[in-house]
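Notes follow the structure.
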Amino acid sequence: GAGVSQSPSNKVTEKGKDVELRCDPISGHTALYWYRQSLGQGLEFLIYFQGNSAPDKSGLPSDRFSAERTGGSVSTLTIQRTQQEDSAVYLCASSLTSGLANEQFFGPGTRLTVL
Amino acid sequence: AQKITQTQPGMFVQEKEAVTLDCTYDTSDPSYGLFWYKQPSSGEMIFLIYQGSYDQQNATEGRYSLNFQKARKSANLVISASQLGDSAMYFCAMRGAGTSYGKLTFGQGTILTVHP
């Protein structure tokens, strides 16, 4: 079966532009998570969805970041007015449910570079 | 708040030997889960092993075992019979059953290098 997929794999943008990052979770997985990984900050949680609802948005670094999930499946992470500090690898993960023991399966990530 | 600490930025091991990667954690949640992930140079995050805070026995998955010492708040990963393909970054992570239920909190990682 297909794993978690993310697109694009690489995105180079200019400072101030908006970007959209897409995540397709594993079919049937109800929980979906966004993280970002950067050299300075390590792996940071951004937001988590259970179905189409986001019970925890606590990791979004500013109001320039938003995410949505539709149909309990695909999720889009949007970054408005990108800044150079937004450069990172954005990782999406999904799990069967949000149960504590459920492992999160990660996608390959989107490498975002803001010039 | 939850915190994961991995104190070994880098570790070296000879092929076929065992290696222990350290992880300590801090949480106020009475129930939590501990995870180890491997991240090869290709970048994908690969789940290795899980330990629940109320599990009586240490978790094992093939060559991976988790040395869980609850009183010391440690969850060290033991890799037996290291292979060249084990060279990667290893992350310890946790989830709590409290207000931060959904998210994984990660440590800074340990780079493991296996020498032939």
Side-chain angles (χ1 to χ4, degrees), chain A residues 2-6 9-10 23 25-26 29-51 53-61 67 69 75 88-112, chain B residues 1-7 9 23 25 27 29-57 59 61 64 66 68 75 88-111:
Chain A
V4 177
S5 61
Q6 292 184 246
S9 55
N10 279 285
C23 172
I26 293 172
H29 281 196
T30 64
L32 185 147
Y33 314 80
W34 284 98
Y35 297 87
R36 74 176 176 181
Q37 185 173 23
S38 59
L39 280 175
Q41 302 298 321
L43 268 156
E44 306 172 277
F45 167 81
L46 297 178
I47 187 170
Y48 126 74
F49 290 91
Q50 177 58 51
S53 301
D56 190 353
K57 307 178 184 179
S58 63
L60 295 177
R69 188 179 185 197
S75 176
V89 176
Y90 288 82
L91 293 166
C92 176
S94 70
S95 62
L96 188 60
T97 72
S98 57
L100 192 62
N102 279 198
E103 66 198 76
Q104 295 180 17
F105 295 85
F106 283 79
T110 293
R111 182 175 297 277
L112 175 66
Chain B
Q2 298 171 344
K3 186 174 180 182
I4 293 279
T5 303
Q6 295 179 253
T7 57
C23 172
Y25 61 90
T27 182
D29 290 325
S31 180
Y32 51 88
L34 295 154
F35 300 79
W36 277 91
Y37 282 85
K38 171 184 178 181
Q39 187 176 42
S41 56
S42 54
E44 75 268 34
M45 294 284 284
I46 302 167
F47 166 76
L48 296 178
I49 195 166
Y50 166 79
Q51 178 84 43
S53 60
Y54 288 107
D55 292 343
Q56 294 298 309
Q57 293 190 321
E61 288 286 349
Y64 304 107
L66 201 152
F68 180 48
M89 175 77 92
Y90 288 80
F91 290 99
C92 180
M94 75 177 300
R95 293 178 68 184
T99 55
S100 56
Y101 182 71
K103 68 179 185 182
L104 282 169
T105 300
F106 288 88
Q108 291 299 314
T110 296
I111 300 174

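Chain identifiers are assigned alphabetically (A, B, ...) following the order of the sequence lines, protein sequences preceding nucleic acid strands; residue numbering begins at 1 within each chain.
- Without hydrogens or angle criteria, B:Arg95 side chain to A:Gly99 main chain gives a donor-acceptor distance under 3.5 Å.
- Counting only distance, with no hydrogens or angles, the side chain of B:Tyr37 and the backbone of A:Gln104 share a donor-acceptor pair below 3.5 Å.
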*Passes side chain to side chain donor-acceptor pair (under 3.5 Å), A:Tyr33 versus A:Ser95? Steps please.*
CA-CA 8 Å; A:Tyr33 314 80; A:Ser95 62; 2.9 Å; yes

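- In this structure, no portion of B:Ser42 lies under 4.5 Å from any heavy atom of chain A.
- Heavy atoms closer than 4.5 Å to chain A are found in the backbone of B:Tyr32, but not in its side chain.
- For A:Tyr35, the part sitting under 4.5 Å from any heavy atom of chain B is the side chain, from C-beta outward, and nothing else.
- No donor-acceptor pair closer than 3.5 Å links the side chain of B:Gln2 to the backbone N or O of B:Asp29.
- In terms of non-hydrogen atom pairs under 4.5 Å with chain B, the most contact-rich of A:Gln37, A:Gln50, A:Arg111, A:Gln41 is A:Gln37.
- The contact between A:Leu91 and chain B is made entirely by side chain atoms (from C-beta outward), counting heavy-atom distances below 4.5 Å.
- For A:Ala101, the parts lying near chain B are the backbone and the side chain together; criterion is any non-hydrogen pair under 4.5 Å.
- Residue A:Ser58 touches chain B through its side chain alone, counting heavy-atom pairs closer than 4.5 Å.
- Within the 3.5 Å criterion, the main-chain N or O of A:Ser9 finds no donor-acceptor partner in the side chain of A:Thr110.
- For B:Gln51 (side chain) and B:Ala75 (main-chain N/O), no donor-acceptor pair under 3.5 Å exists by modelled atom type.
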